[in-house]
> 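One structure, pasted below without further comment.
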Amino acid sequence: MRTFIAVEVPDSAKDRIAQLINHLKSTGTDIKWVEPDNIHVTLKFLGNIETDQPVVIRDGLGAALDSTGSFDLKLGRIGAFPDMNRPRVFWVSIVEGRDELVAMQQRIEAELHARGFVREERPFSPHLTIGRVRSPRGLTKLTDLIGDMAFETEPFTVKRAAVVKSDLKPDGPLYTVIDHVELG
């Protein structure tokens with residue numbers, strides 16, 4: 001079972017991101033845009049896990065989040081990995097609540113590593129992926145549009161983390177939440 005741990009995004013923020021994506025689609029750029037229902041903040045990718053591991057994951061999350069109180073996130077600014085000059089992935093950043101999210105992710109990483117999961121080597125960069133580049137067609141037009149664009153959402157409160165199963169389908173991934181662990 002292919003899984004990851006995420007912070008879910010409320011419908012109000014997903015609606016704003018869907019509007020953003022629709023606007024960006026107008027450039028005709030060759031991007032595989034993320035379906036709004038699939039928008040989330042990945043805290044840890046676990047890969048393929050065994051059927052008995054969700055209990056271990058839940059225990060690790062419980063320990064990691066026990067001392068973490070709820071906090072607000074606000075989304076804003078659009079960017080790209082590795083950068084806007086050579087974009088491969090487009091994202092929306094977290095402009096408020098970033099430090100709390102990073103601390104939460106570090107506790108999750110430590111607790112799950114102690115339970116036998118592989119530690120992520122790359123530093124955590126909180127973001128919400130909105131699209132992946134398929135070819136360079138139209139990229140300059142898109143990056144110019146993004147450079148002149150303002151974007152933000154209303155703040156929303158993070159109260160839990162989700163364990164999500166990812167089934168890869170020909171038309172895109174299907175995400176199913178298999179568990180939630182409340183903060184604090």
Side-chain angles (χ1 to χ4, degrees), residues 1-21 34-79 89 91-120 122-131 151-169 172-184:
M1 183 168 49
R2 189 172 190 262
T3 59
F4 59 91
I5 298 168
V7 168
E8 296 170 288
V9 176
D11 289 342
S12 59
K14 287 180 183 179
D15 291 345
R16 286 278 298 128
I17 293 170
Q19 292 168 4
L20 168 68
I21 289 171
V34 174
E35 292 296 324
D37 284 345
N38 286 348
I39 297 285
H40 63 275
V41 180
T42 302
L43 297 172
K44 179 158 182 62
F45 180 73
L46 298 167
N48 289 318
I49 64 168
E50 299 298 322
T51 55
D52 62 339
Q53 286 183 300
V55 173
V56 175
I57 294 166
R58 183 177 221 325
D59 290 347
L61 276 178
L65 302 179
D66 186 46
S67 62
T68 303
S70 62
F71 59 95
D72 287 346
L73 285 186
K74 183 176 180 181
L75 310 178
R77 199 170 73 76
I78 305 157
V89 173
W91 45 258
V92 172
S93 71
I94 284 104
V95 294
E96 289 179 20
R98 185 179 186 85
D99 292 344
E100 294 89 339
L101 193 64
V102 168
M104 178 178 161
Q105 187 276 339
Q106 289 172 341
R107 285 190 295 277
I108 291 170
E109 190 72 54
E111 288 292 341
L112 291 181
H113 180 69
R115 287 164 172 78
F117 289 89
V118 176
R119 184 181 293 277
E120 176 60 55
R122 293 176 296 180
F124 178 60
S125 177
H127 69 280
L128 295 86
T129 298
I130 60 169
F151 174 80
E152 66 179 30
T153 65
E154 291 295 319
F156 61 91
T157 304
V158 176
K159 297 178 182 176
R160 63 187 186 180
V163 181
V164 183
K165 179 174 86 163
S166 172
D167 292 310
L168 300 179
K169 306 284 185 184
L174 174 64
Y175 298 148
T176 307
V177 175
I178 58 174
D179 203 355
H180 286 108
V181 176
E182 302 295 320
L183 276 64

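Everything numeric here is computed off the predicted structure, so don't read it as measured data. When a residue number appears, it is its place in the shown sequence, counting from 1.
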> Should R119 and E109 count as an ion pair when the cut-off is N to O under 4.0 Å?
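E109 and R119: not salt-bridged.
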> Going by heavy atoms in the side chains, are V181 and R58 under 4.5 Å from each other?
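Touching, per the 4.5 Å side-chain cut-off.
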> Quick check against the 3.5 Å criterion: does S93 have a side-chain atom that pairs as donor or acceptor with the backbone of G76?
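Answer holds: yes.
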> Which residue pairs pass the salt bridge (Lys or Arg N to Asp or Glu O under 4.0 Å) test when at least one of the two sits in residues 155-169, sequence neighbours left out?
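Matches after skipping sequence neighbours: E8-R160, K165-D167.
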> Check the surroundings of atom CD in E154: do more than 12 heavy atoms from other residues, nucleotides or ligands lie under 6.0 Å from it?
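No - once you tally the heavy atoms of other residues, nucleotides and ligands closer than 6.0 Å, there are 12 at most.
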> Check E152 against R16 and note the closest heavy-atom contact, atom names and distance.
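So the minimum-distance heavy-atom pair works out to O-NH2, 3.0 Å.
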> Using the rule given for side chain to side chain contact (heavy atoms under 4.5 Å, CB included), can you reason through I17 versus L75, listing the C-alpha separation, both sets of side-chain angles and the distance that settles it, and then say yes or no?
CA-CA 9 Å; I17 293 170; L75 310 178; 3.9 Å; yes
> Answer whether the closest heavy-atom distance between the side chains of R2 and P173 falls below 4.5 Å.
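R2 vs P173: side chains apart.
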> Which atom names give the shortest non-hydrogen contact between I94 and E96, and what distance separates them?
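Distance-wise, the nearest heavy atoms are CG2-O, 3.2 Å.
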> Residues in ring pair (Phe, Tyr, Trp, His ring centres under 6.0 Å) with F117, at least two apart?
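In terms of ring pair (Phe, Tyr, Trp, His ring centres under 6.0 Å), with neighbours along the sequence ignored, F117 is linked to no residue.
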> State, to 0.1 Å, how close K14 and P36 come at their nearest heavy-atom pair, and which atoms those are.
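The pair with the smallest heavy-atom distance is CD-O, 3.3 Å.
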> Under 3.5 Å, which donor-acceptor pairs link side chains of residues 60-69 to any protein atom two or more places apart or in another chain?
from: T68; atom 1: OG1; to: A64; atom 2: O; distance (Å): 3.4
from: T68; atom 1: OG1; to: R107; atom 2: NE; distance (Å): 3.0
from: T68; atom 1: OG1; to: R107; atom 2: NH2; distance (Å): 2.5

> Between I5 and L112, is a side chain to side chain contact (heavy atoms under 4.5 Å, CB included) present by the stated rule, with each step listed?
CA-CA 11 Å; I5 298 168; L112 291 181; 3.3 Å; yes
> With rounding to the nearest 0.5 angstrom, report the CD to CZ distance, Q53 to R115.
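Answer rounded to 0.5 Å: 12.5 Å.
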> Find the distance between OG1 (T153) and CD (Q19) and round it off to the nearest 0.5 Å.
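The distance works out to 11.5 Å.
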> Mind listing the closest non-hydrogen atom pair of I130 and V92 along with its distance?
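Residues I130 and V92, closest heavy atoms: CG2-CG2, 3.8 Å.
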> Within this structure, what is the CD-CG distance for the pair Q106 and L101, rounded to the nearest 0.5 Å?
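Interatomic distance, Q106 CD to L101 CG, rounded to 0.5 Å: 10.0 Å.
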> Please test E100 against V158 for side chain to side chain contact (heavy atoms under 4.5 Å, CB included), starting from the C-alpha separation and ending with a verdict.
CA-CA 10 Å; E100 294 89 339; V158 176; over 6 Å; no
> Using side chain to side chain contact (heavy atoms under 4.5 Å, CB included), reason through M104 and L43 one step at a time and then give a plain yes or no.
CA-CA 8 Å; M104 178 178 161; L43 297 172; 3.5 Å; yes
> Look at the aromatic rings of F4 and Y175 and report parallel, tilted or perpendicular, splitting at 30° and 60°.
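Geometry flag for Y175 against F4: perpendicular rings.
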> CG/D52 to CD1/I57 distance, rounded to the nearest 0.5 angstrom?
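CD1 of I57 is found 9.5 Å from CG of D52.
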> Would you call E120-K44 a salt bridge at under 4.0 Å N-O?
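Salt bridge absent between E120 and K44.
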> Look at the side chain of T3 and the backbone N and O of L46, then say whether any donor-acceptor pair between them is shorter than 3.5 Å.
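Checking the backbone N and O of L46 against the side chain of T3, no donor-acceptor pair under 3.5 Å is found.
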> Any side-chain heavy atom of V102 within less than 4.5 Å of one from P126?
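Of all side-chain heavy-atom pairs linking P126 with V102, at least one is under 4.5 Å.
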> Kindly compute the distance separating CZ (F124) from OG1 (T42), expressed to the nearest 0.5 Å.
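Nearest 0.5 Å value for the CZ-OG1 distance: 8.0 Å.
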> Using 0.5 Å steps for rounding, measure from the CZ atom of F151 to the CD1 atom of I78.
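One gets 6.5 Å once the value is rounded to the nearest 0.5 Å.
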> For S70 and L183, work out which heavy atoms get closest and say how close.
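Shortest heavy-atom separation between S70 and L183 comes out as CA-CD2, 4.1 Å.
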